[in-house]
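Following: one structure in structure tokens, then a few remarks.
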Amino acid sequence: MSAPESVHRRARELHEQLHEHNYRYYTKDDPLISDAEYDELLRELQSFEAQYPELITADSPTQRVGAAPLKGFGEVRHAVRMLSLANAMADDELASFDQRVCRELETDEVEYAAEPKLDGLAVSLLYQDGRLVRAATRGDGETGEDITQNIRTLNSVPLMLAGKGIPATLEVRGEVYISHAGFKELLQQAEASGKKPPVNPRNAAAGSLRQLDPAITAQRPLEMFCYGIGKVTGGSLAATHTGTLDRLEDWRLPVYGDIESVAGIDGCRDYFNRYEQLRDDLPFDIDGVVFKVNRLDQQERMGFTQRAPSWAIARKFPAEERETMVLGIDIQVGRTGALTPVARLKQVFVGGVTVTNATLHNEDEIRRKDVRVGDHVIVRRAGDVIPEVARVVIEKRNRGAAKFHMPMHCPVCGSQVTRAEGEAVTRCSGGLFCPAQRKEAIKHFASRRAMDIEGLGDKLVEQLVDATLIDDVSDLYRLTVDEIAGLDRMAEKSAANLVAALGSSRTTTLGRFVFSLGIRGVGEATAQLLAQEFGGIESLMVADIETLETIHDIGPVVAQHIIDFFGEQHNRDVIGKLREAGVSWPAVENRRTQPLADKTFVLTGALSMPRTELKEKLQALGAKVSGSVSKKTDYVVVGENPGSKHDKALKLGVTVLDEAECLELIAGMI
Ligand code: IVH
């Protein structure tokens with residue numbers, strides 16, 4: 001039976017009231033009614049919904065507790081790319097940012113919006129006619145995960161906006177985080193249930209958002225602050241960033257209360273100093289403050305770089321430092337045989353994570369810092385940077401502490417170690433005879449940017465090598481489901497998935513294949529270049545040093561590494577076995593006969609396809625894709641919000657194409 005009109009009307013009324021009270025309670029911290037009164041309204045709505053399920057809509061205030069679990073997250077392509085921020089670690093870097101902004105805007109003093117840099121996760125919320133219809137993570141900036149169900153459980157995120165002038169499409173961006181009080185709650189819960197406690201609020205927030213069951217997310221104390229917008233159509237906001245945030249706040253979105261507009265670098269400095277003092281008293285973690293050119297017309301003039309807006313900067317707080325003790329110094333052996341000394345530390349909480357080891361880089365570095373087993377040391381960690389030993393507390397050194405020496409033999413395979421003249425790195429000479437190098441080579445081969453073998457993680461590679469199921473990468477393609485299923489923590493299903501993933505990795509591109517071989521000095525870009533220059537693995541394998549050196553961007557050192565690699569019989573055998581196992585790629589035309597050979601493209605602004613996809617299409621035709629516009633650029637391809645590169649192209653008279661024109665150009669060539 002469908003609900004009578006009177007019930008529909010009352011349900012709408014209850015929606016509105018509950019959304020309003022929710023907002024007053026969670027966002028404004030200023031409730032109008034008691035908890036009991038709120039519960040009564042909610043119960044009234046719940047009983048209507050129980051009687052007439054048609055009343056249950058996604059934006060009903062009863063739906064915050066979490067919908068049914070998902071099997072996996074869908075993908076969301078961001079209409080406008082979600083960018084990162086440039087960092088200023090010290091005052092002089094902030095000053096040069098300000099100078100650059102003043103120069104580009106041809107003014108003496110710029111008005112900045114100043115706000116805290118919350119240490120959480122970036123999310124995008126999409127409102128369609130004022131209703132929350134989708135929420136996504138940042139992902140790689142172009143594509144994120146659909147976390148709509150999880151975001152709906154956040155009490156401070158309105159399911160419905162209220163107020164005047166709300167654009168038809170409004171994409172809001174902000175940071176989801178967990179407060180100190182919320183984190184404490186989680187630690188207590190973990191202790192009570194005997195579960196592993198989260199390491200810091202940021203990881204706890206990330207883990208909570210990644211739950212497939214929204215009922216679990218609903219129990220986590222997630223909060224959000226909005227700091228910007230993405231795509232907006234059917235309405236306009238304001239002429240400044242702070243004005244935009246005011247509008248968001250008017251519509252009930254959560255915006256931090258102390259975002260200011262400040263005058264010039266001095267205003268920025270004052271704000272930074274104030275927050276450095278305030279930092280420990282704030283109810284949540286921040287890792288710096290953010291300054292953004294406040295006027296949107298000026299932002300537009302400045303544009304974007306590949307990764308970040310040119311009109312904003314994060315002034316980070318200095319790295320946190322803590323004292324701890326060196327329990328031991330181990331040697332790790334990497335893919336190219338490099339021996340890296342690593343300090344095993346007495347566990348210490350620094351910069352938001354628990355640290356138990358820190359790299360000591362190489363022999364010279366260890367000698368310079370003179371780190372010895374048993375020393376008290378200062379460990380430093382800033383932001384996402386890996387922790388490092390800053391210095392030894394020499395006054396606390398024990399008398400007998402022995403100087404550390406690099407070993408003469410590889411600790412894994414016993415081969416001699418060598419250190420080439422002028423190089424800082426000590427290497428194991430065992431090559432692929434060394435199990436450590438073999439493991440790293442296989443991990444590299446499987447990695448996302450190489451052969452992209454899903455499900456073949458580091459731990460699994462180690463098990464496969466230790467169980468002598470594989471010796472080199474070509475053995476991977478002979479693995480059977482039974483062999484894999486017999487390993488620790490593997491089941492029939494995951495083993496079958498891995499075999500399927502191996503199967504589909506057989507079809508690749510020549511560039512990826514060359515990269516996956518792990519030749520010293522040959523990164524992704526160089527591998528791509530070699531693929532284009534030689535067009536086939538056979539001609540690359542027999543190339544002589546002179547030919548290699550004539551290639552632009554390849555110097556004598558890398559050329560020699562390539563020669564050495566293919567000079568090794570073992571490597572040639574592995575390549576042969578991989579080809580026999582069915583590893584293949586579409587033919588690559590030799591660059592010199594390719595239609596876009598020697599043409600340079602620059603891509604800018606938000607494109608509708610992932611940038612890498614367009615880049616690969618262009619490169620397949622021999623084009624070079626560069627990050628910056630110069631007189632040598634032939635084409636600039638512009639997406640949405642292109643910014644300064646577009647301006648520069650116009651200034652230099654470089655041909656400008658939009659995405660469709662570029663695709664047309666490509667279509668005309670194949
Ligand atoms: S603005 C286009 N403002 O920091 C500008 N980001 O390091 C993009 N973040 O991915 C971001 N607080 O997750 C902005 N007040 C704030 C922020 C903020 C935290 C995060 C955000 C971003 C990351 C970049």
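All figures in this text were calculated on a predicted structure; none of them were measured in a lab. As the structure lists them, so they are numbered: ligands from 1, and atoms in each ligand from 1. Only this structure's heavy atoms are used, side chains among them; waters, hydrogens and symmetry mates stay out. Along the sequence shown, residues are numbered consecutively beginning with 1.
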At less than 4.0 angstrom from any non-hydrogen atom of Val290, what atoms of ligand 1 do you find? 15 (N), 16 (C)

At under 4.0 Å between heavy atoms, which part of Ala314 makes contact with ligand 1: side chain, backbone, both or neither? neither

Quick one: do Arg295 and Asp297 make a salt bridge, cutoff under 4.0 Å? yes

Going by the order shown, which atoms of ligand 1 are within less than 4.0 Å of some heavy atom of Leu83? 8 (C), 10 (O)

Which heavy atom of the protein is the closest neighbour of atom 1 (S) of ligand 1, given with residue, atom name and distance? Lys292 NZ, 3.4 Å

Can we say Glu321 and Arg381 salt-bridge, meaning some charged N sits less than 4.0 Å from an Asp/Glu carboxylate O? no

Could you check whether Arg134 pairs with Asp146 (Lys NZ or Arg NE/NH1/NH2 to Asp/Glu carboxylate O, under 4.0 Å)? no

Looking only at protein heavy atoms, identify the closest one to atom 13 (O) of ligand 1 and say how far it is in Å. Glu175 OE1, 2.5 Å

Does the residue Arg173 have a heavy-atom contact with ligand 1, meaning some pair of atoms that are separated by less than 4.0 Å? no

closest protein heavy atom to atom 11 (C) of ligand 1 is Tyr227 CE1, 3.7 Å

Under 4.0 Å between a Lys/Arg side-chain N and an Asp/Glu carboxylate O for Arg322 and Glu320? yes

Under a 4.0 angstrom heavy-atom cut-off, which atoms of ligand 1 come close to Ala122? 10 (O), 13 (O)

Considering only heavy atoms of Pro309, which atoms of ligand 1 have at least one such atom less than 4.0 Å away? 2 (C), 5 (C)

Are Glu20 and Arg252 within salt-bridge range, i.e. N to O under 4.0 Å? yes

Apply side-chain hydrogen bond (donor to acceptor under 3.5 Å, both in side chains) to residues Thr169 and Gln128 and explain how you reach the verdict. CA-CA 5 Å; Thr169 303; Gln128 217 57 275; 2.8 Å; yes

Between Arg274 and Asp258, does at least one N-O distance fall below 4.0 Å, as a salt bridge requires? yes

Identify whether the distance between the nearest side-chain nitrogen and carboxylate oxygen of Glu171 and Arg173 falls below 4.0 Å. yes

So which heavy atom in the protein is nearest atom 19 (C) of ligand 1, and how far is it from that ligand atom? Leu118 O, 3.2 Å

Go through ligand 1 atom by atom and flag the ones less than 4.0 Å from a non-hydrogen atom of Pro116. 12 (N), 15 (N)

For atom 4 (O) of ligand 1, what is the closest protein heavy atom, and at what distance to 0.1 Å? Lys117 NZ, 3.2 Å

What is the nearest protein non-hydrogen atom to atom 24 (C) of ligand 1, stated with its residue, atom name and distance? Leu85 N, 3.6 Å

Within the 4.0 Å heavy-atom shell around Glu115, which atoms of ligand 1 are there? 3 (N), 15 (N), 16 (C)

Is Glu106 paired with Arg301 through a side-chain N to carboxylate O contact shorter than 4.0 Å? yes

